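Heavy-atom basis, side chains included; hydrogens, waters and symmetry copies ignored. Quantities reported herein were computed from a predicted structural model and do not represent experimental measurements. Index from 1, following the sequence.
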Amino acid sequence: MRVLEMQGAALPAYAAQLNQLLRQCIAAGASIGFIAPLSDDKAAAFWANIHQSVQSGERRMALALDDDGRVLGTVQLVLDMPQNGQHRAEIAKLMVTPDARRRGIARSLMQWAEDVCRAEQRSLIVLDTRTGDAAEPLYLSLGFQLAGIIPAYAMSDAGTLDSTSIMFKQLLRG
């Protein structure tokens with residue numbers, strides 16, 4: 001497995017695989033902004049917006065690929081912050097295909113994001129995750145701290161309102 005940063009021009013070559021990854025993660029219950037089932041059109045529109053954001057430099061994105069070039073996972077790092085927030089970045093849409101989980105892929109993608117933050121002189125990373133999801137202990141093991149929990153934050157496929165955990169990690173003091 002290798003982690004590869006996606007440049008804007010390269011992203012469309014992975015569009016079909018990214019659509020599939022997004023649909024698989026949502027079907028497996030991921031709380032990443034969509035309700036199952038996700039149509040091909042909505043998935044394609046989402047990635048088209050991400051493509052524009054990567055091209056403009058608002059965010060960076062990496063893919064985890066197997067030896068055959070199959071997309072195993074992805075993460076985005078939002079760098080476009082307000083003027084008083086230029087010291088921070090936000091993790092968005094960490095996804096690993098269900099059949100490749102528990103192999104260190106998410107951890108490798110998060111390490112890439114941390115490395116980018118350091119290179120961009122960002123001293124704070126923030127993220128949110130559904131409270132109680134499998135990702136929460138991963139983030140804690142990576143040194144993230146729980147800032148708080150917002151109740152009834154996002155609707156689940158079952159129609160319930162789930163809480164979200166807001167987390168942060170300080171990389172550099174200053």
Side-chain angles (χ1 to χ4, degrees), residues 1-6 18 21-36 38 46 50 53-54 58-66 71-82 84-174:
M1 189 270 308
R2 61 190 163 105
V3 174
L4 175 68
E5 182 167 355
M6 283 289 90
L18 288 169
L21 172 66
L22 181 61
R23 286 193 312 274
Q24 287 174 340
C25 289
I26 292 166
S31 179
I32 50 177
F34 300 96
I35 300 287
L38 181 66
F46 169 75
I50 297 305
S53 185
V54 168
E58 294 172 357
R59 73 180 62 216
R60 309 255 305 258
M61 180 178 162
L63 299 181
L65 304 171
D66 70 10
V71 174
L72 301 174
T74 186
V75 70
Q76 298 166 38
L77 186 66
V78 180
L79 298 171
D80 186 30
M81 295 291 152
N84 70 346
Q86 295 297 303
H87 64 288
R88 70 177 187 258
E90 181 178 354
I91 298 292
K93 305 293 189 273
L94 174 65
M95 293 181 262
V96 175
T97 187
D99 67 345
R101 291 184 181 159
R102 313 246 0 121
R103 293 198 272 171
I105 295 166
R107 188 172 294 277
S108 294
L109 288 165
M110 290 297 291
Q111 185 60 58
W112 169 86
E114 232 176 87
D115 292 345
V116 170
C117 282
R118 284 189 177 92
E120 295 284 337
Q121 298 183 352
R122 305 295 173 112
S123 60
L124 179 68
I125 307 175
V126 298
L127 60 83
D128 68 89
T129 187
R130 182 170 45 203
T131 304
D133 264 3
E136 200 169 22
L138 167 72
Y139 296 134
L140 291 169
S141 77
L142 292 169
F144 281 80
Q145 298 176 52
L146 180 64
I149 296 174
I150 303 173
Y153 185 79
M155 186 173 294
S156 71
D157 291 341
T160 60
L161 293 176
D162 295 335
S163 298
T164 195
S165 296
I166 307 297
M167 303 182 90
F168 69 96
K169 182 173 183 177
Q170 292 182 304
L171 297 178
L172 308 168
R173 300 288 177 202

Colleague: Run the side chain to side chain contact (heavy atoms under 4.5 Å, CB included) test against A100 and tell me which residues pass, sequence neighbours left out.
Modeller: L72, V96, T97, R103, I105

Colleague: May I have the step-by-step check of side chain to side chain contact (heavy atoms under 4.5 Å, CB included) for L138 and L94, ending in yes or no?
Modeller: CA-CA 11 Å; L138 167 72; L94 174 65; 4.2 Å; yes

Colleague: Of the non-hydrogen atoms in C117 and I125, which two are nearest, and what is the gap between them?
Modeller: SG-CG1, 3.7 Å

Colleague: Can you tell me how far CE of M167 sits from CD1 of I149, rounded to the nearest 0.5 angstrom?
Modeller: 9.0 Å

Colleague: Tell me, please, which residues at least two apart from P151 pass side chain to side chain contact (heavy atoms under 4.5 Å, CB included).
Modeller: S163

Colleague: Specify the closest pair of heavy atoms between L79 and A89, including all atoms of both residues, with the distance to one decimal.
Modeller: CD2-CB, 3.8 Å

Colleague: Under the side chain to side chain contact (heavy atoms under 4.5 Å, CB included) rule, collect the residues that match up with A154, sequence neighbours excluded.
Modeller: S31

Colleague: Tell me, which pairs form a ring pair (Phe, Tyr, Trp, His ring centres under 6.0 Å) where one or both residues lie in residues 111-141, sequence neighbours left out?
Modeller: Y139-F144

Colleague: Could you tell me whether a side-chain N or O of Q86 sits under 3.5 Å from a main-chain N or O of M81, the two making a donor and an acceptor?
Modeller: yes

Colleague: Output the distance between atom CG (L171) and atom CG (L124), rounded to the nearest 0.5 Å.
Modeller: 7.5 Å

Colleague: Please assess K93 against C25 for the test side chain to side chain contact (heavy atoms under 4.5 Å, CB included), listing each intermediate value before the final yes or no.
Modeller: CA-CA 10 Å; K93 305 293 189 273; C25 289; over 6 Å; no

Colleague: So, for L109 and M95, which heavy atoms are closest and what is the spacing to 0.1 Å?
Modeller: CD1-O, 4.2 Å

Colleague: So do I91 and V126 actually touch side chain to side chain, heavy atoms under 4.5 Å?
Modeller: no

Colleague: Find out whether V71 and L65 are in side-chain contact, i.e. whether some heavy atom of one side chain is under 4.5 Å from a heavy atom of the other.
Modeller: yes

Colleague: Are any non-hydrogen side-chain atoms of M110 and L127 less than 4.5 angstrom apart?
Modeller: yes

Colleague: Report yes or no: does T164 contribute a side-chain atom to a donor-acceptor pair with the main-chain N or O of T129 at less than 3.5 Å?
Modeller: yes

Colleague: Determine which pairs satisfy salt bridge (charged side-chain N to carboxylate O under 4.0 Å, His left out) with at least one residue from residues 121-142, sequence neighbours left out, and list them in order.
Modeller: R130-D133, R130-D162

Colleague: Pick out which of E58, E90, R60, R59 makes a side chain to side chain donor-acceptor pair (under 3.5 Å) with Q76.
Modeller: R59

Colleague: Looking at every non-hydrogen atom in both residues, tell me the closest pair between A62 and T74 and how far apart they are.
Modeller: O-OG1, 2.8 Å

Colleague: With side chain to side chain contact (heavy atoms under 4.5 Å, CB included) as the criterion, how do M1 and D66 come out once you've worked through the C-alpha distance, each side chain's angles and the decisive distance to 0.1 Å?
Modeller: CA-CA 4 Å; M1 189 270 308; D66 70 10; 5.8 Å; no

Colleague: Under the criterion side chain to side chain contact (heavy atoms under 4.5 Å, CB included), I'd like the reasoning laid out for I32 against I26: C-alpha separation, chi angles, the key distance, then a yes or no.
Modeller: CA-CA 7 Å; I32 50 177; I26 292 166; 4.0 Å; yes

Colleague: Does anything in residues 144-159 pair up under side chain to side chain donor-acceptor pair (under 3.5 Å), and if so which pairs, sequence neighbours excluded?
Modeller: S156-T160

Colleague: Quick one: are M61 and S53 in side-chain contact, heavy atoms under 4.5 Å?
Modeller: no

